[in-house]
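Below you'll find the structure, written out as structure tokens, and then a few comments.
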Amino acid sequence: MSDKDHGVLYIGMDLGTSRTSISASNGVRETVESFVGYPKDVVARKMIGREALFGAEALSKRLSVNIFKPLEKGVIKSTEDGASIEENMKAARDLIQHAISLAKPRKDELIYAVIGAPAEASIHNKKSIIDAAREVIDSVMLCSEPFAVAYGLDMLDDTLVIDIGAGTVDLCRMHGTMPDADDQVTLTTAGDYVDEQLYELLKHRCEGADFNLNMVKRFKEKHAFVTTASEPVIATFPVEGKPTQFDVTDEVRTASRKMVPPIVDALGKLISSFDPEFQGRLRERVLLGGGGSQVRGLDRAIEEVMAERLGGGQVIKVEEPMYAGSNGALKIAHDMPEEYWEKLK
Amino acid sequence: MPKLHTQVLQAIRDHSFRVSVRKLKQQGHRRITALRLQDIQQLISEAVERVLTERDLTLDKRERVGVEREVHEEFQRLLAEHQRVLKDHESVTHKFADLQQRYGLLQEELLQQQVLLEAERKRELDADSLTLSKEGLVDVGTRIREAVHLVLSSGGVDFTNGTADKLSQLETRIVDVTSQILEHERLVGYERDRHDHDDRIEQLERRIGKLRKHLADTEDSLAKLAKVKGIDPGVSSIYRSIQGLDGADPTAGKKKEFLKDIFDQNLALRD
């Protein structure tokens, strides 16, 4: 790579079930929905003019492409509507390479990347992620997603990180040393779970309406909240082809709140098993990040349930939930010594 | 058709160029389809033969030589055209690379000037200290002598009383005069420093302004060239070299351990 003499581009990536975000040292920050679409046939390929489409573009052409959502509950899926694991692996590989291309790297720069992957990912999964990335970059490392969030915010001591994604809620206890398995809890009551809950509630509330899980997901992303008071939330779904409005305020609140109790239970578990002298400090430093943390009022709702069950606590919402993971991974990449990068080439 | 074979082979050699694998990689090529010289030669011969056979043509020696010549000329023309396009593309690529290099240097210089400006802005001027150069000291000494002479000659000290009083008055006057002179020098020095400081900031700001304009112009040229020739140059990183932990970071020790742990975990994954 001696011809890469221009500079060094660091990339931080948050590889998520629903969205993949990147932050790079050239100032580029991008996010793409974790969907990959391959043309269904020769005609579709000619019309699309590309081998694969990603994110919203893939979804918008879903009639011409086979859609893959290669990650589930934070890891590469083993099956998807009859798709083989190899197909999901390929989709994950293409998604990672597409995400790196979004950083607009120059050809003459060294590219070093840190990818935030779920702690639960299998060794095979992690190796696949590394292999996919290595095809297009010079050196790559993986790290746990919630750890990346904490590192990015310099909150490495006595902090509890909650990273709410679509597939999983990852909780990680930071106490000045590298968190191990006992310091991490992964829940599946995340964004996708809320979508399913809301979908079921809306089926009862909006009888006769025609909608699917994808529409519910998009609606939730725009309107999710957990506060007691709220403006009415109105959904418009077709009923026998006619757009019809439904007041779904209670359903959205109920579904969104279902995330809270499991999170507080997990917080309780991580706090109670910590050194009693520092439990109070840990309770007061709960960091809330990830795309799912954008649900309105979620930080306050967690605090309320913490007050009931754990005797209090303070939740700090990160400023840029969509990029907190990738920003942290970028910072890790920046700080990593040269010799480590070299050894992993 | 041995003669045609030789001619085609020579034409291909004349118009082709060698390129290293590294260069291809640098240009972003990851996979190439290679066609051997003999294959090209064979394809042309086969094509000529096939056309002749399909049209059920039999040629005598003279006609065959004529066809061979025409094929050869056409092939030369096509190769020349191809080479012209390649050269054109190469020239654009070089121009683009030069612009990119210039852009990188400008970025670097801008960063340096910004660091200097920041340092100059942060530099605090010491209004309480007095610095005198050797020449300044001589000047101050001369002025004190002149001032003492003026005091003595202008009757500023009353010598009609006792000697002790006279000396005391003289001492007070000299201290006053000296203080005034030094205070004046301090103020002058401070003003000079302040002026220099303001000038330096203004100069750096002007320089940064110019660099930004150059940078914007270069970026514009790059974008235009990229658009015209369909080149995606990418976006330059702000780092020219590998970074690493900031030693001044108070948590550097702890972070070093974390980074080592991450590295070890990743190393284990490679095994």
Side-chain angles (χ1 to χ4, degrees), chain A residues 1-11 24-28 101 103-112 114 123 126-127 129-130 134-136 139-144 147-148 150-151 154 156-157 174 176-180 331-345, chain B residues 20-31 93 96-97 99-105 107-108 111 219 222-223 226 231-271:
Chain A
M1 297 279 176
S2 57
D3 51 342
K4 295 203 162 189
D5 56 358
H6 184 80
V8 183
L9 179 71
Y10 292 112
I11 297 176
S25 65
N26 57 4
V28 173
S101 76
K104 298 185 185 300
R106 283 173 56 122
K107 291 184 176 71
D108 53 359
E109 282 179 336
L110 281 167
I111 308 171
Y112 292 153
V114 169
I123 300 278
K126 286 178 179 171
K127 282 185 173 172
I129 293 170
I130 288 173
R134 282 177 85 182
E135 283 185 18
V136 285
S139 197
V140 60
M141 293 193 205
L142 298 187
C143 77
S144 120
F147 173 79
Y151 193 95
D154 266 336
L156 300 167
D157 275 319
M174 300 295 303
T177 57
M178 201 67 183
D180 58 27
K331 198 168 173 191
I332 293 170
H334 171 279
D335 290 351
M336 195 63 75
E338 181 175 6
E339 58 185 286
Y340 293 169
W341 288 120
E342 287 295 323
K343 281 181 186 165
L344 293 176
K345 268 185 179 176
Chain B
S20 69
V21 176
R22 180 186 290 180
K23 181 85 177 167
L24 286 172
K25 270 177 91 177
Q26 198 175 12
Q27 288 171 355
H29 300 288
R30 304 216 173 259
R31 284 198 188 93
T93 311
F96 196 78
L99 273 174
Q100 277 189 320
Q101 193 180 10
R102 192 171 143 206
Y103 186 78
L105 291 171
Q107 256 188 333
E108 211 168 329
L111 202 64
E219 201 172 342
L222 272 168
I231 301 168
D232 182 6
V235 180
S236 291
S237 170
I238 57 167
Y239 302 121
R240 299 302 299 268
S241 59
I242 293 174
Q243 299 299 296
L245 260 175
D246 179 3
D249 183 343
T251 57
K254 191 175 288 173
K255 284 181 178 168
K256 212 171 168 180
E257 287 171 25
F258 280 128
L259 297 172
K260 170 87 169 62
D261 285 339
I262 294 172
F263 166 71
D264 287 340
Q265 287 169 5
N266 278 275
L267 196 62
L269 278 174
R270 303 292 204 277
D271 295 337

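Everything quoted here is computed from the prediction, not taken from an experiment. By convention in this document, chain letters (A, B, ...) are assigned in the order of the sequence lines, proteins followed by strands, and residues within each chain are numbered from 1.
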Max heavy-atom pair count under 4.5 Å with chain B, selected residue of A:Met141, A:Lys331, A:Lys343: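 When all of A:Met141, A:Lys331, A:Lys343 are compared, A:Met141 has the most.
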Straight-line distance of B:Gln243 CD to A:Glu338 CD, nearest 0.5 Å: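 If we round to the nearest 0.5 Å, B:Gln243:CD and A:Glu338:CD are 10.5 Å apart.
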Pairing of A:Asp154 and B:Lys255 as salt bridge, 4.0 angstrom limit: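 Answer for the salt bridge query: yes.
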Exercise: identify the closest heavy-atom pair between B:Phe258 and A:Thr177: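 Minimum heavy-atom separation between B:Phe258 and A:Thr177: CE2-C, 3.1 Å.
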Heavy-atom closest pair, residues B:Leu259 and A:Asp335: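 Scanning both residues completely, I find the closest heavy atoms to be CD1-O, 3.4 Å.
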Side-chain touch A:Met178/B:Ile262, heavy atoms, less than 4.5 angstrom: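 When only atoms from C-beta onward are counted, B:Ile262 and A:Met178 do touch, with a gap below 4.5 Å.
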Heavy-atom side-chain proximity of A:Ile130 to B:Asn266 below 4.5 angstrom: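 They are in side-chain contact.
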Flag, side chain of B:Ser237 to backbone of A:Val8, donor-acceptor distance under 3.5 Å: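 The answer is yes, because a donor-acceptor pair under 3.5 Å joins these two groups.
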B:Tyr239 and A:His334 aromatic ring geometry - parallel, tilted or perpendicular at 30°/60° bounds: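 Taking B:Tyr239 first and then A:His334, their aromatic rings sit tilted (interplane angle of 30° to 60°).
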Side chain to side chain donor-acceptor pair (under 3.5 Å) partners for B:Thr251, two or more places apart: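 Expected list: B:Asp249.
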All side chain to side chain donor-acceptor pair (under 3.5 Å) counterparts of A:Asn26, not counting sequence neighbours: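 Per chain and number, A:Asn26 pairs via side chain to side chain donor-acceptor pair (under 3.5 Å) with no residue.
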Contacting moiety of B:Lys260, where chain A heavy atoms sit under 4.5 Å: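 Both parts, backbone and side chain.
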Interchain contact, B:Glu257 with chain A, by part (heavy-atom threshold 4.5 Å):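 The answer is neither part of B:Glu257.
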Contacting moiety of A:Val114, where chain B heavy atoms sit under 4.5 Å: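 Contact with chain B: none, neither part.
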